[in-house]
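Encoded as structure tokens, the structure appears first; notes follow it.
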Amino acid sequence: MFSLLAREKVYLNEVVLGTAFGIFMGPYFADVFDPRSWGSHSNAITLEIMRVVLATGLFAIGVELPKTYMAKHAKSLFAMVIPTMAIGWLIVAGLLNVLFPRLDFTSCLAVSACLTPTDPIICAAIVGGKFAQRHVPVNLRQLLSAESAANDGLAYPFLSLALYLTLDASREAAFTHWILIGWLYQVFLGIIMGSVLGLMFSYLIKFSNKQGFIDRESYVAQYLALAIFITGIVSTLGSDDLLAAFAAGSAISWDGDFNIHTEGEVFASVIDLVLNCACFVYIGAWLPFNAFTIPDLGISPWRLVVLTLGILIFRRIPAILALYKWIPEITSWREALFSGHFGPMGVGAVFISTLAIHRLPHPADPPVSQQDFLTVALHPIVSFVVLSSIIMGYRSHSSILG
């Protein structure tokens, strides 16, 4: 009822409003909705909800980019994604290791992998808002959208390296699994499968349109149907389903034909808005406020606040300030500072952390091994940073260019 007022006057979007409503409806206030009360199924349900929302959002970003965008801007995206992620991953792991000494550096790398990628759902909500449209150049908005989609899928190899080092018997086995499974099978196969399936569906849709078998509304319905279908196939095979969804969206709109048929349609935006609102209501109710203090692991609110501030300052800003001269879309240090500061954490962080817990063994109570410490610490640390990113990030993004 007040969404237009919130977006236009105070620049609050569905991310902030949905999370606030979820917290209010959750177990610490109204106690109407508590995802963590579902016992052993809670993490599995959370994982799949985040997967569907991410896949749909990544597919939509791929579709809405200009035709052949990934080929034309490959150099800029490489600079924005690979070195920026790697540098931020190591810096955040170092911060974690200093603040939480019960976690060894390998465990800190696993937690850091959850906090490294830029969240594409929050990114889409911000760069698509009125403030960004008025103050952020369109080339930079497109670059940030494409980067957030690409680096969310590339969180897999960062996480898998840390998990293989934690779970495998030797470092040699861990690095072998990382290269063969983490990169070749998950990342590269996921990109190839997504691209091939996207191109196949692109040709199939164009053929159906020429034969009069499909109407304009059916084009828009593909946003949801194809995203879930491709994600399901790739996820079942164990490859990187998020990168596959983004690659499929980019491939489907490679020649711009899909965009022509869906231009001006609001149904896709409605789907996105409904999924995003529901997802952040879920996250708000899911947040484990009682776990923000765990003395045995050294987790306390003040340490989490220091970690959050360190992440906001050091995770992306130094890398992008050092690299922006190789990124043509970023034309000044001020835009570089904005791009570096622009690194919201949300659905992707919840998904990656829950995926990590899903792959780790169930912890002992009380925790005794490093694997136990990692499993217990993941959600409290990640969820606090996510909450802080939602609260602090949106307003501070506005202040840099405002």
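Here the structure is a predicted model, which is why all the values come from computation and not from measurement. All values below come from the heavy atoms of this structure, side chains included, with hydrogens, waters and symmetry mates left out.
Ring geometry for Phe175 against Trp178 counts as perpendicular: the plane angle is over 60°, on a 0 to 90° scale with 30° as the lower cut. In this structure, His177 and Tyr164 have tilted ring planes: the angle between them lies in the 30° to 60° band. Note on ring orientation: taking the six-membered ring where Trp is involved, the planes of Trp286 and His379 are perpendicular (angle over 60°, cut-offs 30° and 60°). The aromatic rings of Phe292 and Phe289 sit perpendicular to each other, their planes meeting at more than 60°, with 30° as the lower class boundary.
Rounding to the nearest 0.5 Å places CG of Asp104 at 9.0 Å from CG of Leu109. How far SG of Cys114 is from CG of Leu378: 5.0 Å, rounded to the nearest 0.5 Å. Atom CD1 in Ile228 sits 11.0 Å away from atom CZ in Phe59 (nearest 0.5 Å). Here the CE atom belonging to Met345 is positioned 14.0 Å from the CD1 atom belonging to Ile352, to the nearest 0.5 angstrom. In this structure, the separation between CD1 on Ile252 and OH on Tyr203 is 12.5 Å, given to the nearest 0.5 Å. To the nearest 0.5 Å, the span separating CZ on Phe213 from CG on Leu204 amounts to 10.5 Å.
Under the 6.0 Å cut-off for aromatic ring centres, Phe158 and Trp89 qualify, their centroids lying closer than that.
Judged by distance alone, the side chain of Ser148 and the main-chain N or O of Ser145 form a donor-acceptor pair under 3.5 Å. The closest donor-acceptor contact from the side chain of Ser253 to the backbone of Gly256 lies at 3.5 Å or more, if one exists at all. Asp119 places no side-chain N or O within donor-acceptor distance of the main-chain N or O of Gly343, the cut-off being under 3.5 Å. Judged by distance alone, the side chain of Ser389 and the main-chain N or O of Val386 form no donor-acceptor pair under 3.5 Å. No side-chain donor-acceptor contact under 3.5 Å links Ser42 to the backbone of Trp38. The backbone N or O of Leu143 sits less than 3.5 Å from a side-chain atom of Tyr69, completing a donor-acceptor pair. A donor-acceptor contact shorter than 3.5 Å is absent between the side chain of Arg315 and the backbone of Gly88. Counting only distance, with no hydrogens or angles, the side chain of Ser332 and the backbone of Glu335 share a donor-acceptor pair below 3.5 Å. Not a single donor-acceptor pair under 3.5 Å links the side chain of Gln211 to the backbone N or O of Phe207. Formation of a donor-acceptor pair under 3.5 Å by the Ser353 side chain with backbone atoms of Val350 is found in this model.
No side-chain N or O of Tyr185 forms a donor-acceptor pair with one of Asp240 less than 3.5 Å apart. A donor-acceptor pair shorter than 3.5 Å can be found between the side chains of Ser369 and Asp372. Side chains of Ser239 and Gln186: a donor-acceptor N/O pair is absent below 3.5 angstrom, by distance only.
Electrostatic pairing of Glu147 and Arg316 counts as a salt bridge here, judged by a charged N lying under 4.0 Å from a carboxylate O. The pair Lys67-Asp257 fails the salt-bridge criterion, with no side-chain N (NZ, NE, NH1 or NH2) lying under 4.0 Å from an Asp/Glu carboxylate O. Using a 4.0 Å cut-off between charged side-chain N and carboxylate O, Asp241 and Arg51 make a salt bridge.
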Review point. Salt bridge (charged side-chain N to carboxylate O under 4.0 Å, His left out) between Asp296 and Arg102: does it pass, once the steps are laid out?
Key: CA-CA 8 Å; Asp296 291 344; Arg102 294 299 298 271; 6.0 Å; no

Review point. Yes or no on side chain to side chain donor-acceptor pair (under 3.5 Å) for Asn43 and His358, after CA distance, side-chain angles and deciding distance?
Key: CA-CA 7 Å; Asn43 282 336; His358 186 70; over 6 Å; no

Exercise for review: Check the pair Tyr282, Thr46 against side chain to side chain donor-acceptor pair (under 3.5 Å), reporting the backbone distance first and the verdict last.
Suggested key: CA-CA 9 Å; Tyr282 184 96; Thr46 300; 2.6 Å; yes

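Side-chain contact check for Ile23 versus Phe29: some heavy-atom pair is nearer than 4.5 Å. You'll find the side chain of Gln370 stays beyond 4.5 Å of the side chain of Thr166, heavy atoms only. With contacts defined as side-chain heavy-atom distances shorter than 4.5 Å, the pair Leu140/Thr331 does not qualify. Put simply, the side chain of Phe351 does not reach to within 4.5 Å of the side chain of Ile49, judged on heavy atoms. Side chains of Cys279 and Met50 form a contact here, defined as non-hydrogen atoms less than 4.5 Å apart. Asp255 places a side-chain heavy atom less than 4.5 Å from the side chain of Lys206.
More than 12 heavy atoms of other shown residues, nucleotides or ligands fall within 6.0 angstrom of atom CZ in Phe33.
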